[in-house]
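Computed from a prediction, not measured in an experiment: that's the story for all the values here. The chain is numbered in sequence order, starting from 1.
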Amino acid sequence: MTIRVIIVDDQAMVRAGFAALLSAQADIDVVGEAPDGRQGIEVSRRTHPDVVLMDVRMPEMDGLAAARALLEPPVGVVHRPRVLMLTTFDVDDYVYEALRAGASGFLLKDAPPADLISAVRVVAAGEALLAPSVTRRLIADFAQQRPAPRKDPSLRLKGLTPRETEVLELIARGLSNQEIAESLILAEQTVKTHIGRVLAKLGLRDRAQAVIFAYESGLVAPGG
């Protein structure tokens, strides 16, 4: 199955470079481009991509506002793509807020080409781009420095079984499914089942939101 992608970035050369790289992959089809967030929303609503590569800093409408519009669409709009934020900085004030809004992760613009291709495939498959240790540190730092107002998410943890709570904690610590399986002495498929139940019970979209929730609920202490 072909992964449909649009690229939203205010630099024409960046859009062209990413488009050429991704279009060369047999399983990826670049179906649109846009120079700012506002036009990115329009292109997304028209082309229905699986993944939106969204620059953080743009004129007219920045990537954060555009990501929110795509991930929390108005009544009548059914399509919700996966959003992968692009940034030139490894620490960016917008990144944590983008993850809270539902973005599936972020990628540095100067990452190797293979990383970009892999990121698109990972996000399209429904996973969050959270494996690199720098990403885990970033989320922990933001959760510690700028905790969001919350409606006591710790209460929602009471709906999880002890095993599901363990799995959520390990997700927040950045472990992969295989590492969680080894830690809890479970089959990897069983771990996937637990993760699916955690996301469903907590009303979360993916691992990125699960990590944010775990920090904000107090289940995991930032930097701990």
Side-chain angles (χ1 to χ4, degrees), residues 1-88 94-95 97-132 135 177 192 195-196 199-200 204-210:
M1 182 176 178
T2 303
I3 301 169
R4 295 167 60 82
V5 177
I6 69 169
I7 302 165
V8 185
D9 193 293
D10 61 334
Q11 299 181 51
M13 290 185 65
V14 170
R15 296 198 306 273
F18 284 1
L21 175 65
L22 295 174
S23 295
Q25 310 307 308
D27 61 335
I28 299 176
D29 185 14
V30 177
V31 297
E33 301 177 17
D36 61 64
R38 196 175 307 281
Q39 292 185 54
I41 295 170
E42 295 174 358
V43 172
S44 179
R45 298 261 163 85
R46 187 173 66 248
T47 61
H48 291 184
D50 300 301
V51 177
V52 176
L53 293 178
M54 181 78 73
D55 187 20
V56 170
R57 300 172 185 272
M58 293 181 290
E60 297 297 326
M61 177 185 282
D62 64 35
L64 176 58
R68 282 178 173 153
L70 291 175
L71 296 168
E72 300 174 6
V75 176
V77 176
V78 178
H79 179 254
R80 289 203 309 169
R82 300 278 174 176
V83 177
L84 179 62
M85 305 301 295
L86 299 169
T87 177
T88 53
Y94 286 107
V95 171
E97 291 302 323
L99 292 175
R100 286 193 67 250
S104 294
F106 80 100
L107 188 71
L108 296 178
K109 284 187 178 181
D110 61 358
D115 285 3
L116 173 64
I117 297 167
S118 174
V120 168
R121 290 171 176 155
V122 166
V123 169
E127 294 291 330
L129 201 66
L130 292 174
T135 309
N177 288 357
K192 292 180 181 179
I195 292 174
L199 298 181
L204 305 174
R205 187 174 182 187
D206 55 26
R207 293 173 83 106
Q209 289 194 326

Report yes if the side chains of Lys109 and Asp55 come closer than 4.5 Å at any heavy-atom pair, otherwise no.
-> yes
Might you point out which heavy atoms bring Ala119 and Leu107 nearest each other, and give the distance in Å?
-> CB-CD2, 4.1 Å
Hey, does the side chain of Ser118 reach the backbone of Ala114 with a donor-acceptor pair shorter than 3.5 angstrom?
-> no
Give every donor-acceptor pair under 3.5 Å between a side-chain atom in residues 67-84 and any protein atom, sequence neighbours left out.
residue : atom : partner : partner atom : Å
His79   : NE2  : Pro49   : O            : 2.8
Arg80   : NH1  : Leu71   : O            : 2.8

Looking only at heavy atoms, the pair that brings Asp36 and Met58 closest together is CA-SD, 3.8 Å
Which of Leu116, Ile28, Val120 passes side chain to side chain contact (heavy atoms under 4.5 Å, CB included) with Leu21? It is Leu116
Return the minimal non-hydrogen interatomic distance between Ile117 and Gln25, and the atom names on each side.
-> CD1-NE2, 3.4 Å
Point-to-point distance, once rounded to the nearest 0.5 Å, from CG of Asp62 to CZ of Arg38 = 10.5 Å
Can you see which heavy atom on Leu204 is nearest to which on Ala210, and at what distance?
-> CD1-CA, 3.6 Å
If you measure from OG1 on Thr87 to CG on Leu108, what distance do you get to the nearest 0.5 Å?
-> 6.5 Å
Of all heavy-atom pairs linking Val52 and Ser44, the shortest is CG2-OG, 4.2 Å
Might you point out which heavy atoms bring Ser23 and Val30 nearest each other, and give the distance in Å?
-> OG-CG2, 3.5 Å
Rounded to the nearest 0.5 Å, how far does CD1 of Ile6 lie from CZ of Arg46?
-> 9.0 Å
Test item: Leu53 and Asp9 side chains (from C-beta on) under 4.5 Å apart, heavy atoms | no
Do Val56 and Phe106 touch side chain to side chain, with heavy atoms closer than 4.5 Å?
-> no
Between Arg15 and Ile7, is there a donor-acceptor pair closer than 3.5 Å when you use the side chain of the first and the backbone of the second?
-> no
